[in-house]
Amino acid sequence: MPEKSKNKTKEKVTKKTLFFMLRTARKEKPMLFLLYGFLFLADIMEKVQVILLPKFLLDELVAVQRGEALQDHIRRLIGYVILYMGLAIACSVMRNIANNKKDVQAEWFNEFFETELADKALRMDFEHTEDPKVLEQLNKAKEGISWYSGGVVGILDTFYRILINIVILAGVLAIILVTCPLLIPIQLSVLCFITYWNAKRNKVEVENFLKLAKSNRIFFYVLYQLPNFQYGKEIRLYDSADMMGERAKDMSYEQLNIWKDSERRKRKESHKMDVINSFRDGISYFYIGYLALKKKITLGEFSMCVESASSLYWSLNGIVSGWQDVTKRCNYASQFLKFLEYSDTMPKGNQAVKKQPHTIEFVHVGFRYPRTQRFVLRDINLTIQPGEHLSIVGLNGAGKTTLIKLLCRLYDVTEGRILIDGVDIREYAEDEYRKLFAVVFQDFQLFAFSLRENVSLSGKADDEEIRDIFKLTGFYEDSNKLENGLDTMLYKSFDEHGTELSGGQQQKTAIGRALYRHAPIIILDEPTAALDPVAEYDIYRQFHTLVGGKTAIYISHRLSSCKFCDHIAVFAEDTIKEYGTHDELVGIPDGIYAGMFATQAQYYVDNAG
Ligand code: ADP
C-alpha cells in the first residue's frame, strides 16, 4: 500500500479506536473524566508556578538590589513565596490523588476488556476456533490491549496529554510573542526533525509488535499451555520435554532477535534527537541572553523566557508526539476492535423451536471443512423419526462425527439442507436450537471445576438429581467415595486435593452431563471407545434404557452395541452406503455391515477361545 493511503488508514483507525475508548470510558466509568479535570487544574497551576511566579519574584528582588526600599517589596515577596509553595503542594496533592484513583480504574478497565475478549472468543462461530488467522488475531487483540497500548487508560492519558499541551502552548505562545518572538521559529524547526525521527521510532515499534504476535503464540503455547495437566502424560511418556524446551528456546531466540533489531533501529533515532535537542537549548539561551544583555527584557522576563522556551518546545512536542503516541497505541488497541468485529459467518435465524417430538431430515447434504477442498460428506439423505434410536457405523474418517457436528450446527452444510420438523435448521434461533441436543463426543472435555459443575455446567445445580443420574450411569458408589463428594475438584490445576477420575469415571460423568441437560435428542459419539467391548455394550444398553422414548444417535465401532437400535446407517466413502435394521443389514450378501459384523464376531470368538 502506498505510504499516503497507509497514513490515511492509520488515521481512520486512530479516530475510530479513540472514540471507542472515549465512549467506553464515558459509559463504564465517567468518573475518569472528573479525574482528568483534576489533573488539568494541577497541570495549569504548575505552569503558573514555574513560569510566571519566578518572573515576579526576580523582578521584586532585582528592584531591592537596585536600591529600592525593602519594605515596599517585602509583602509581595513573601506573598509570591507563599503562593509558590502553596501551588507546589496543591499540585502534587491533586496529581497524586487523581493518578492513584486512575490506577484503580486502569485495573478495572483491563479486566473489563479481557472479559469482553474472552466472551467473544467463547461465543464466536466454532469454525473460527480452528482458523489460525482468527487465533492469531485473538493473540494480537490480547496484546493490543495490554501494556503495548497501555489499555484504555493509556490511550486516554495520551489524549489528555495532547489537550493539556494545546492549552499550555496557547499560554506560552502569548508570552513569547510579546517578549522573545524569534524563539518560535527556532523551536519549530527543531521540532520538525524530532517529529520525523520519532515517527520512525514508532514505526519500528509497531513492526516489532506485529512480528512478535506469531512467535508469542507458539511461545505461550509451549510454556503455559503444554505444562497443563491434560498434556502431562504424553509429554512424560514420550519424553518430549526436550523437544518442547527446544521449541520454546527457538521462539525466545527469535523474539530476542526481533527485539534486538528493533532496539538498534530505535537507538539510532534517539541519538539524533539528543544531539538536535542540545543545539536547540544552546541557540535559545544564546538568543534570550542576548536580549537580557541588551536590556530589552528584565531579569524576571529572562527567567520567564527560558521557562517558556522550554515549555513551548515541550508542549509542541507533547502535542505532536502525543498524536504519534495515540496513533501508535490506538493501532495496537485496534487489534482488539478488529477481533470483536470478526463477524460470525453462520446465518443466525430467529425461529422458535416447537415443543413437539422432533423429526430430523438430512436432504442431499454435502460438506467440506472451511479452508479445505475435499468433500468429507456427499449426498447424505437420512430421516430420523421422533423417538428413533439410530446407530451410525463406519471406519475411522468416514464422516460420522462430522455429521453430528453439522446437526449441532458447529458448522453449516456446504450443500443440501438439514431440517428439523420440516424447517431448515439455519432458521432457528441459535440458543434455542442448541438446547435440543445433549452430545457426548469421543474427545469430550471435563473442566478443572467441581464434579457438580462438570455435570450441571451452570451456576445452579440440583444435587439430588445429579446423584440420581449417577445411580443410573453407575457412578454413584464411586462418587460417594470421593472425599468432597460433588464438591470434589477435578484435576489439580486449582486445588491440590483435586482428583483425576479414571477413564470410565470420566465417561460416566460426561454421560451424566448429557442426561442432566434434559435435551430431547441425545447423541453419543463413541465416548466409550476407551472401554472394553463388554463394558461399552453395557453402557450403551443401559443408556438405551435411560434415554427411553427420546431420539438417540449412537456412533460406535462395536457393532454389538448397535443391535438394539431401530436403524443402522453405515458410512463409507463419504456417504451412507447401507441403511436398515441389524437383521436386514447382516442379511446383505457381501454387505459392508455384514462383513464388519462377521469380523468382529470372529474377534470375540478368537478372544474367548
Ligand atoms: P469419523 O467420525 O467417521 O471418524 P470424522 O467425521 O471425524 O470421521 O472425519 C471425516 C473427515 O474429515 C476425515 O478425513 C477428517 O480428517 C476430516 N476432518 C475432521 N475434522 C476436520 C477439521 N476440523 N478440519 C478439516 N478436516 C477435518
Side-chain angles (χ1 to χ4, degrees), residues 121-138 217 221 342 344-346 360 362 364-382 384 389-416 418 425 434 437-445 507 510-511 514 521-531 533 536 539-540 543 552-562 565 567-579 585 591-593 595-597 599-600:
L122 290 172
R123 288 175 199 279
M124 65 188 175
D125 277 355
F126 178 75
E127 65 162 272
H128 286 329
T129 64
E130 298 181 326
D131 185 344
K133 263 202 210 137
V134 179
L135 296 180
E136 196 160 322
Q137 187 56 48
L138 171 61
R217 195 154 68 82
Y221 177 69
Y342 248 110
D344 283 342
T345 44
M346 290 172 89
I360 304 168
F362 290 81
H364 298 299
V365 167
F367 179 69
R368 55 185 153 81
Y369 278 95
R371 299 172 299 282
T372 66
Q373 296 305 317
R374 186 173 72 88
F375 272 81
V376 295
L377 288 175
R378 283 178 298 111
D379 202 28
I380 302 289
N381 291 292
L382 176 70
I384 307 169
H389 289 198
L390 172 79
S391 184
I392 301 180
V393 299
L395 295 179
N396 269 341
K400 303 180 296 294
T401 301
T402 306
L403 185 92
I404 301 303
K405 288 183 189 163
L406 291 178
L407 179 60
C408 299
R409 272 208 88 195
L410 291 179
Y411 302 94
D412 269 342
V413 296
T414 317
E415 289 173 353
I418 303 176
I425 61 173
R434 291 254 162 87
F437 303 97
V439 191
V440 191
F441 282 108
Q442 184 172 16
D443 56 352
F444 64 82
Q445 296 291 332
Q507 279 151 359
I511 291 173
I521 301 164
I522 310 258
I523 301 170
L524 290 193
D525 180 359
E526 272 197 294
T528 46
L531 297 185
E536 177 182 293
I539 287 198
Y540 270 60
F543 199 78
I553 304 173
Y554 304 121
I555 297 182
S556 174
H557 268 101
R558 275 73 174 257
L559 306 190
S560 55
S561 308
C562 308
C565 285
H567 289 106
I568 297 162
V570 184
F571 275 62
E573 294 163 23
D574 316 326
T575 193
I576 299 177
K577 285 283 183 189
E578 290 174 10
Y579 176 82
L585 295 185
I592 304 171
Y593 183 84
M596 286 163 84
F597 192 74
T599 317
Q600 288 195 1

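Counting convention: from 1, in listed order, for ligands and their atoms alike. All values derive from a computational prediction rather than experimental measurement. Start at 1 with the first residue, then count along the sequence.
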Problem set entry | Enclosure of E573 CD (heavy-atom neighbours >12, cutoff 6.0 Å) | no

For this session: Indicate whether atom 25 (C) of ligand 1 is within a distance of less than 4.0 angstrom of some protein heavy atom.
Result: yes

Problem set entry | Selected option - heavy-atom contact closest to atom 2 (O) of ligand 1, from I404, T129, T401, V393 | T401

Problem set entry | Heavy-atom nearest neighbour in the protein, as seen from atom 23 (N) of ligand 1, with distance rounded to 0.1 Å | E130 OE2, 3.0 Å

For this session: Assess the pair F367 and F375: is the distance between their ring centroids shorter than 6.0 Å?
Result: no

Problem set entry | Contact check: V376 vs ligand 1, nitrogen or oxygen atoms, below 3.5 angstrom | no

Exercise. Is it true that the side chains of T402 and Y369 contain a donor and an acceptor less than 3.5 Å apart?
Worked result: yes

Exercise. Tell me, which protein residue and heavy-atom name are nearest atom 10 (C) of ligand 1, and how many Å apart are they?
Worked result: G397 O, 3.5 Å

Problem set entry | Shortest protein contact, atom 6 (O) of ligand 1 (heavy atom only) | T402 OG1, 2.4 Å

Exercise. Does one side chain, of T401 or D525, offer a donor that lies under 3.5 Å from an acceptor on the other?
Worked result: yes

Problem set entry | Region of L403 engaging ligand 1 - heavy atom pairs below 4.0 Å | neither

Problem set entry | Heavy-atom nearest option to atom 21 (C) of ligand 1, drawn from Y369, F375, F126 | Y369

Exercise. What do you reckon, does F441 put a non-hydrogen atom under 4.0 Å from ligand 1?
Worked result: no

For this session: Please state whether G394 comes within less than 4.0 angstrom of ligand 1, counting heavy atoms only.
Result: no

Exercise. Going by heavy atoms, is R371 under 4.0 Å from ligand 1?
Worked result: no

Seminar exercise, completed: When distances are taken from atom 14 (O) of ligand 1, the protein heavy atom at minimum range is R374 NH2, 2.7 Å

For this session: Look at atom 16 (O) of ligand 1 and say whether a protein heavy atom is found at less than 4.0 angstrom from it.
Result: no

